[in-house]
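Every number for a ligand or one of its atoms is a count from 1 in the order of the listing. Note that the structure is predicted; figures quoted are calculated from it, not measured.
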Amino acid sequence: MSHGHTDYGRPVLVAGGGGFIGGHLVAKLLAEGHKRVRCVDIKQQDDWYQVAPDAENIVADLTLIENCKAACEDVGDVYNLACDMGGMGFIENNKALCMLSVLINTHMLMEARDAGVNRYFYASSACVYNADKQVNPDVVPLKESDAYPAMPEDGYGWEKLFSERMCRHFREDYGLQTRVARFHNVYGPYGTWDGGREKAPAAMCRKVIAAGASGDHNIEIWGDGEQTRSFTYIDDCLHGIKLIMDSDLLEPINLGSSELVTINGLVDIVEEIGGITLKRAYNLDAPKGVNGRNSDNTMILDQLGWAPETRLRDGMEKTYQWIENEYQQREKIKQAATTSASV
Ligand code: NAD
């Protein structure tokens with residue numbers, strides 16, 4: 001079978017497949033007919049968001065070059081989604097840790113090159129964009145050339161920008177076919193929703209669900225709530241990854257929704273889904289990121305015909321339902337533990 005450039009004979013590797021986007025990608029590759037999908041993640045399998053029984057599932061630390069070598073063995077395509085990351089609260093407080101992900105992409109590129117892989121996909125981020133272009137909430141959408149002159153998000157963004165360039169130079173100097181997407185705030189079910197690494201959409205869902213469950217209708221919002229963002233639903237992201245991987249586009253390209261919303265607007269949506277109204281307290285000292293950010297999709301629309309299909313309201317509904325279910329499961333486990341402890 002042949003689709004686009006894909007070599008269906010050799011395994012396809014998803015690095016970071018125990019994570020949010022990687023877990024969905026593994027499921028999609030299997031559904032598309034890949035017989036051999038290798039999924040590698042540093043987390044123990046119990047902590048993977050999705051475990052596909054038909055994939056070859058491996059727990060390994062991909063900062064180590066010997067593990068990258070084993071992961072790349074015989075592989076056709078590589079999708080590198082492995083990264084130590086989280087929402088603003090995490091990346092603002094863990095800059096060194098975020099930069100250490102450079103070891104993953106560096107060693108993965110070296111071993112992918114040596115293994116003679118077919119194509120190599122790297123997940124970059126809107127955090128590579130120059131901060132000076134994101135000071136106003138009334139944003140001009142970011143186009144690909146706005147990454148330079150470089151002034152990305154400290155820590156996480158610098159690592160992403162460096163790794164993007166490394167992909168470029170491995171292509172130029174060694175002929176490794178690299179493809180790079182700049183994701184803009186991807187959200188959906190089977191992702192982080194608690195624990196400090198979650199991003200705004202999941203955090204809002206959890207806060208609204210918790211408020212409904214506890215009856216305490218106060219909610220803390222990071223910043224003044226007027227900062228603007230766009231959020232990309234996972235299905236749209238997966239579709240874009242496939243188009244970018246199959247394309248001849250050599251330079252990094254935006255993969256993000258252009259439906260701009262303020263954080264207050266996002267809370268309105270989640271309140272409506274949850275059927276409650278909350279009293280909002282604004283924490284102006286909390287990490288809030290840039291004032292405004294949106295994706296300019298001119299290039300991806302022109303070159304690949306990609307446009308996001310999922311409205312924020314619809315994607316948030318699905319995300320909310322999944323998190324509500326996870327929340328309830330967790331409460332049940334907590335209650336059972338309390339009951340058995342008190343018997
Ligand atoms: P995620 O944290 O859910 O997934 C990343 C996975 O990488 C995790 O499961 C983690 O355990 C794994 N990992 C970390 N260090 C590793 C190591 N040393 N060896 C092996 N595995 C390791 O995050 P995600 O949202 O699925 O993001 C996937 C990729 O997309 C990342 O590169 C991220 O930077 C990028 N990205 C995501 C977003 C977003 O909004 N989700 C936005 C921009 C860019």
Side-chain angles (χ1 to χ4, degrees), residues 13-27 38-51 57-68 70-72 78-88 90-91 94 97-108 111 121-129 142 152-153 155-164 167 180-203 229-234 236-238 240-241 244 252 254-257 289 293 295 315 319:
L13 169 64
V14 180
F20 164 49
I21 303 172
H24 283 281
L25 182 62
V26 168
R38 186 174 297 157
C39 178
V40 183
D41 203 287
I42 194 171
K43 292 185 298 202
Q44 293 308 308
Q45 256 188 48
D46 284 352
D47 296 327
W48 294 18
Y49 292 117
Q50 302 185 63
V51 180
N57 295 312
I58 299 168
V59 174
D61 179 356
L62 294 172
T63 60
L64 304 176
I65 195 160
E66 60 272 25
N67 290 341
C68 295
C72 288
V78 173
Y79 293 87
N80 179 14
L81 304 169
C83 179
D84 223 337
M85 58 90 73
M88 277 321 297
F90 180 81
I91 64 177
N94 294 278
L97 200 62
C98 286
M99 293 206 85
L100 281 172
S101 292
V102 77
L103 294 173
I104 303 175
N105 195 55
T106 304
H107 290 148
M108 285 294 299
E111 292 303 332
F121 178 91
Y122 177 64
S124 185
S125 162
C127 289
V128 300
Y129 283 114
L142 294 159
E153 173 79 36
Y156 177 74
W158 275 107
E159 190 280 320
K160 288 285 180 198
L161 194 63
F162 176 87
S163 290
E164 278 190 0
C167 288
V180 177
R182 290 181 182 151
F183 295 166
H184 290 244
N185 286 321
V186 188
Y187 73 101
Y190 297 98
T192 310
W193 59 276
D194 203 359
R197 287 181 184 241
E198 64 281 11
K199 295 188 164 200
R229 291 290 183 279
S230 69
F231 299 98
T232 317
Y233 190 61
I234 183 68
D236 290 328
C237 175
L238 293 175
I241 291 174
I244 292 167
N254 279 335
L255 179 52
S257 168
R293 175 182 288 162
S295 177
T319 309

Q.
Checking a contact table here: which protein heavy atom is nearest atom 4 (O) of ligand 1, and how many Å away?
A. G19 CA, 3.4 Å
Q) Relative to ligand 1, is C127 under 4.0 angstrom through side chain, backbone, both or neither, heavy atoms considered? A) neither
Q | Geometric N/O contact N80 with ligand 1, under 3.5 angstrom | A | no
Q. Of the backbone atoms (N, CA, C, O) and the side-chain heavy atoms from C-beta on, which set of D41 has a member under 4.0 Å from an atom of ligand 1: side chain, backbone, both, or neither?
A. both
Q) With distance as the sole criterion, is a donor-acceptor pair present between the side chains of T192 and Y49 under 3.5 Å? A) yes
(Q) Using a 3.5 Å cut-off on N or O atoms only, is H184 in polar contact with ligand 1? (A) no
Q | Shortest reach to atom 35 (C) of ligand 1 by a heavy atom, considering only F90, F20, F183 | A | F183
Q | Modelled atom types, side-chain donor and acceptor of S124 and E164, under 3.5 Å | A | yes
Q.
Below 3.5 Å, N or O to N or O, backbone or side chain included: is there any such pair between Y156 and ligand 1?
A. yes
Q.
Working to the nearest 0.5 angstrom, can you tell me the gap between R182 CZ and L142 CG?
A. 9.5 Å
Q. Can you tell me which residue and heavy atom of the protein come closest to atom 40 (O) of ligand 1, and the distance to 0.1 Å?
A. V186 N, 2.7 Å
Q.
Show the atoms of ligand 1 that are less than 4.0 angstrom away from any heavy atom in T63.
A. 18 (N)
Q) How far is atom 21 (N) of ligand 1 from its nearest protein heavy atom, and which residue and atom name does that atom have? A) I42 N, 3.2 Å
**Q.** N/O separation below 3.5 Å, C83 to ligand 1
**A.** yes
(Q) So is K160 touching ligand 1 or not, going by heavy atoms under 4.0 Å? (A) yes
Q | Nitrogen or oxygen of Y49 less than 3.5 angstrom from that of ligand 1 | A | no
Q: Could you check atom 19 (N) of ligand 1 against the protein and tell me its nearest heavy-atom contact, residue, atom and distance included?
A: L62 N, 2.8 Å
Q. Does the ring centre of Y190 sit less than 6.0 Å away from the ring centre of F20?
A. no
**Q.** Flag, side chain of W48 to backbone of K43, donor-acceptor distance under 3.5 Å
**A.** yes
Q | From D41 atom CG to D47 atom CG, the distance as rounded to the nearest 0.5 Å | A | 9.5 Å
(Q) Among all protein heavy atoms in this structure, tell me which lies nearest to atom 29 (C) of ligand 1, with the distance rounded to 0.1 Å. (A) L81 O, 3.4 Å
**Q.** Any residue meeting ring pair (Phe, Tyr, Trp, His ring centres under 6.0 Å) with Y122, in chain and number order, not counting sequence neighbours
**A.** none
Q. So is I21 polar-close to ligand 1, meaning N/O to N/O under 3.5 Å?
A. yes
Q | Residue portion contacting ligand 1 (non-hydrogen atoms closer than 4.0 Å) for A126 | A | neither
Q: Examine the proximity of ligand 1 to N67 and report which part, side chain or backbone, both or neither, has a heavy atom under 4.0 Å away.
A: neither
Q | Pairwise distance CZ(F121) to CG(L13) - rounded to 0.5 angstrom | A | 13.0 Å
